[in-house]
Each structure stands twice: as structure tokens, then as C-alpha cells.
Amino acid sequence: MGLLDILLGRSKPALPDLDQLFALPSAAVTLQAAAGFTPTGQGAVCFATVEGAAFEQTHREVQALLDADADRAGPPVELTQDAYGYSWLVSRRAPDQLPDLVNDLHAVNSAMEVNGFGPQLLCSLAGFRDDGGRRLALVYLYKRGTFYPFCPLPGRAQRRDNALELQMKSLLADDLRIEQDLGRWFPVWGAPGL
């Protein structure tokens with residue numbers, strides 16, 4: 001960072017650190033012990049779709065890699081689009097296979113990054129539920145290298161449980177690199193894997 005950047009108040013953006021995803025299993029232990037949330041076994045990677053053969057080839061390679069896993073039970077990896085036009089690569093595992101789910105999410109992010117599509121990566125998430133049916137997603141912001149909790153309220157209205165999100169923020173502060181700018185805690189309404 002140069003002197004001009006300092007004078008103008010510009011800062012270098014945080015570099016993505018995909019290894020932060022591997023902290024999710026220890027965060028899951030904290031979530032279960034302190035708040036009763038357990039993994040759903042579902043997770044997803046969100047990215048902006050790019051037209052072109054290279055992007056399509058990368059997507060097919062990633063999907064084939066994940067579908068080739070002999071330990072995978074249930075449906076194969078699925079590509080969906082949300083109402084906003086973003087693509088989601090959804091992985092489903094047994095709820096007790098969170099480390100395998102994290103490996104899936106890491107593999108997708110890494111493959112996209114290695115093939116030059118890192119700028120298209122937006123976020124990754126892993127889903128959790130408690131016995132009362134409350135939902136929680138731990139969302140990893142690729143471009144920030146940080147996590148935040150997203151807790152939608154039940155029902156059709158797009159409302160979130162802000163109090164629960166703040167509670168999860170303080171609960172997980174020792175396990176995950178939490179995004180401190182609450183303005184970046186974007187809602188991921190209708191995200192598959194949640």
C-alpha cells in the first residue's frame with residue numbers, strides 16, 4: 001500500500017483464505033454444545049455465472065469430481081440458479097459428515113480459483129438446525145475471507161432473526177473469523193443448502 005492510498009483512505013482488500021472453511025467442524029461442535037444447532041449435511045457455493053466454454057468446462061469438472069466420491073450418499077451434486085440469477089453448486093451429505101461437506105465446498109472454491117474464476121465466487125454456506133426448527137447458515141464471504149451467521153425466520157416473509165445472529169457472532173468468535181462489518185451480512189434468501 002502506497003502513501004497515496006493511505007492519504008486517500010484506501011485499503012487493500014483482504015485476500016481469500018479458503019483454509020478458513022476447515023474451521024467449520026470445530027464451530028459446529030461449539031454450536032451444538034452451546035446453542036443446540038446441528039449440521040443439516042447441506043452446503044452450497046454461490047458464484048456469478050459466466051458465459052463461455054472455459055467456465056462450463058470448469059463447472060463440469062468440479063461436478064464430476066464431487067459426484068465421483070464413493071462415500072456420497074443420496075443425490076449427486078446439483079447446480080441451481082436463484083431468483084437473482086446467481087448459480088449455486090449444492091452438496092448434500094449425511095448430517096454427521098460435515099468434514100466431507102467442508103471438503104466439497106473447499107474443492108469447488110479451489111477449482112474455480114485455480115481456473116481463473118475466483119472473481120466470480122461470492123460465498124459458501126453450511127446449513128444448521130436446532131430442535132425447535134430454527135435455521136442457521138454459516139456464510140463464508142469469499143472476497144473477505146470471513147464468516148457471518150444468517151438466521152431466517154420461519155414463514156414466507158423474508159425476515160431474519162437479528163438477535164440470534166448477534167448471539168451466534170459472539171458464540172463463534174473463537175472458532176471462526178467473523179465479519180465485523182454488519183453491513184456485509186447479506187441475506188441469502190432462498191439459498192439452497194439452508
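As the structure is a prediction and not an experimental result, all values here were calculated from the model.
With contacts defined as side-chain heavy-atom distances shorter than 4.5 Å, the pair Arg129/Leu136 does not qualify. At a threshold of 4.5 Å between non-hydrogen side-chain atoms, the residues Phe147 and Leu172 do not count as touching. Residues Trp88 and Glu78 fail the side-chain proximity criterion, which asks for heavy atoms closer than 4.5 Å. A heavy-atom distance below 4.5 Å is not found between the side chains of Val77 and Arg92. Looking at Arg160 and Pro187, their side chains come closer than 4.5 Å, going by heavy atoms from C-beta outward. In this structure, Ser124 and Asn109 have side chains that are in contact, with non-hydrogen atoms separated by less than 4.5 Å. Proximity of Leu125 to Gln42: side-chain heavy atoms (C-beta onward) are nowhere separated by under 4.5 Å. Taking the side chain as every heavy atom from C-beta outward, Leu18 and Ser110 approach each other to under 4.5 Å.
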| Worked check of side-chain contact (heavy atoms from CB on, under 4.5 Å) between Arg93 and Asp104 | CA-CA 10 Å; Arg93 296 283 187 161; Asp104 291 349; 3.0 Å; yes

| Derivation of the side-chain contact (heavy atoms from CB on, under 4.5 Å) call for Cys46 and Val188 | CA-CA 10 Å; Cys46 181; Val188 286; over 6 Å; no

| task | Give the intermediate values and the outcome of side-chain contact (heavy atoms from CB on, under 4.5 Å) for residues Leu31 and Leu138. | result | CA-CA 11 Å; Leu31 278 174; Leu138 292 179; 3.8 Å; yes

| message | Pair Phe128, Thr38 - check side-chain contact (heavy atoms from CB on, under 4.5 Å), show working. | response | CA-CA 5 Å; Phe128 296 83; Thr38 57; 5.8 Å; no

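Put simply, Leu105 and Phe22 are part of the same group of oily side chains (I, L, V, M, F, W, Y) that touch within less than 4.5 Å, one to the next. Leu166 is connected to Ile178 through a chain of hydrophobic side-chain contacts under 4.5 Å among Ile, Leu, Val, Met, Phe, Trp and Tyr, so both are in one cluster. A continuous path of Ile, Leu, Val, Met, Phe, Trp and Tyr side chains, each step under 4.5 Å between heavy atoms, connects Leu182 with Trp189, placing both in one hydrophobic cluster. Both Tyr84 and Phe47 belong to a common hydrophobic cluster when Ile, Leu, Val, Met, Phe, Trp and Tyr are linked at side-chain heavy-atom distances under 4.5 angstrom. Follow the hydrophobic side-chain contacts under 4.5 Å out from Phe186 and you reach Tyr140 in the same cluster.
To the nearest 0.5 Å, atoms OG (Ser91) and CG (Leu101) are separated by 5.0 Å. Atom CG of residue Asp181 and atom CZ of residue Arg144 lie 6.0 Å apart, to the nearest 0.5 angstrom. Taking OG1 of Thr146 as the reference point, atom CG of Leu141 lies at 4.5 Å (rounded to 0.5 Å). Note that the NE2 atom of His106 and the CD atom of Glu113 stand 8.5 Å from one another [nearest 0.5 Å]. From Gln120, atom CD reaches atom OG1 of Thr58 across 10.5 Å, with rounding to the nearest 0.5 Å.
Gln20 contributes no side-chain N or O that, together with a main-chain N or O of Asp17, makes up a donor-acceptor pair within less than 3.5 Å. Under a 3.5 Å cut-off, the side chain of Glu165 and the backbone N or O of Cys151 do form a donor-acceptor pair. Proximity of a side-chain donor or acceptor of Gln32 to a complementary backbone N or O of Thr30 within less than 3.5 Å is not detected. Put simply, the side chain of Ser87 never gets that close to the backbone of Thr49: no donor and acceptor are under 3.5 Å apart.
Trp185 and Tyr148 have parallel rings, their planes meeting at less than 30° on a 0 to 90° scale where 60° marks the start of perpendicular.
Atom CG of Asp19 has more than 12 neighbouring heavy atoms from other residues, nucleotides or ligands inside a 6.0 Å radius. Counting non-hydrogen atoms of other residues, nucleotides and ligands closer than 6.0 Å to CG of Asp131 gives a total of 12 or fewer. When the shell of 6.0 Å around OH of Tyr86 is examined, it contains 12 or fewer heavy atoms from other residues, nucleotides or ligands. Other residues, nucleotides and ligands place no more than 12 heavy atoms under 6.0 Å from the CZ atom of Arg159.
A salt bridge is defined here as a Lys NZ or Arg NE, NH1 or NH2 lying under 4.0 Å from an Asp or Glu carboxylate O, and Glu179 with Lys169 fails to meet this definition. A salt bridge does not link Arg135 to Asp130: none of the charged side-chain nitrogens sits closer than 4.0 Å to a carboxylate oxygen.
Here the closest heavy-atom approach between residue Ala126 and residue Leu24 is recorded as CB-CD1, 4.2 Å. Shortest non-hydrogen contact noted between Lys143 and Gly118 is NZ-O, 4.3 Å. Nearest approach of Pro25 to Leu98, heavy atoms of both residues: CA-CD2, 3.8 Å. Scanning both residues, Val90 and Pro192, for their nearest heavy atoms gives CG2-CB, 3.4 Å.
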